[in-house]
Amino acid sequence: MLTRYIREAMKRAKVKTLDDGTYFGEIPELAGVWANEATARACREVLQEVLEEWLILKIRDNDSLPRLGRVSLSRKAA
């Protein structure tokens with residue numbers, strides 16, 4: 001399920017070229033998940049690393065995670 005969430009989040013990633021020639025990437029639905037790198041490829045790679053770290057912290061802190069399309073990591077009541 002975690003892999004599906006990461007894949008879905010990365011499908012939503014937006015990468016653009018900045019005036020200085022670097023690339024800025026973000027996942028708009030996930031506040032604080034962004035990267036700024038010299039190449040588009042590096043930007044996407046770092047963006048995924050940031051996403052993974054963000055998820056670890058959210059899960060550790062028992063914070064809610066937004067649903068991304070049909071993919072959800074919410075806990076179900078037992």
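The structure presented is a predicted model; accordingly, all values stated were derived computationally and were not measured.
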N/O donor-acceptor pair under 3.5 Å between R67 side chain and G69 backbone: yes
Might you point out which heavy atoms bring V50 and G32 nearest each other, and give the distance in Å? CG1-O, 4.2 Å
Quick one: NZ on K58 to CD on E53, what's the gap to the nearest 0.5 Å? 14.5 Å
Would E26 and F24 satisfy side-chain contact (heavy atoms from CB on, under 4.5 Å), going step by step from the backbone distance to the final call? CA-CA 7 Å; E26 67 179 335; F24 175 80; 3.9 Å; yes
Please determine whether residues M1 and I27 belong to a single hydrophobic cluster, defined as Ile, Leu, Val, Met, Phe, Trp and Tyr linked transitively by side-chain heavy-atom distances below 4.5 Å. yes
For residues L57 and D63, determine if any side-chain heavy atom of one lies less than 4.5 Å from a side-chain heavy atom of the other. no
Before giving the answer on side-chain contact (heavy atoms from CB on, under 4.5 Å), spell out for E37 and T22 the whole-Å C-alpha distance, their side-chain angles and the decisive distance to 0.1 Å. CA-CA 6 Å; E37 297 296 323; T22 63; over 6 Å; no
Step by step, work out the side-chain contact (heavy atoms from CB on, under 4.5 Å) result for L73 and L55. CA-CA 10 Å; L73 290 180; L55 281 169; 4.2 Å; yes
Joint cluster assignment, M10 & L30, ILVMFWY side-chain distance < 4.5 Å: yes
Does CH2 belonging to W54 count more than 12 external heavy atoms closer than 6.0 Å? yes
Is there a path of hydrophobic side-chain contacts, each under 4.5 Å between heavy atoms of I/L/V/M/F/W/Y residues, joining L51 to I59? yes
Could you walk me through whether E8 and R4 pass side-chain contact (heavy atoms from CB on, under 4.5 Å), step by step? CA-CA 6 Å; E8 186 63 32; R4 284 183 59 208; over 6 Å; no
What about L2 and L47, same hydrophobic cluster or not, with Ile/Leu/Val/Met/Phe/Trp/Tyr joined at side-chain heavy-atom distances under 4.5 Å? yes
Note: T17 and Y23 closest approach over all heavy atoms is OG1-CE2, 3.1 Å
More than 12 heavy atoms from other groups under 6.0 Å of CZ on R12: yes
For G25 and C43, which heavy atoms make the closest approach, and how far apart are they? N-SG, 3.3 Å
Examine W34 and L65 and state if one hydrophobic cluster contains both, with Ile, Leu, Val, Met, Phe, Trp and Tyr joined whenever side-chain heavy atoms are less than 4.5 Å apart. no
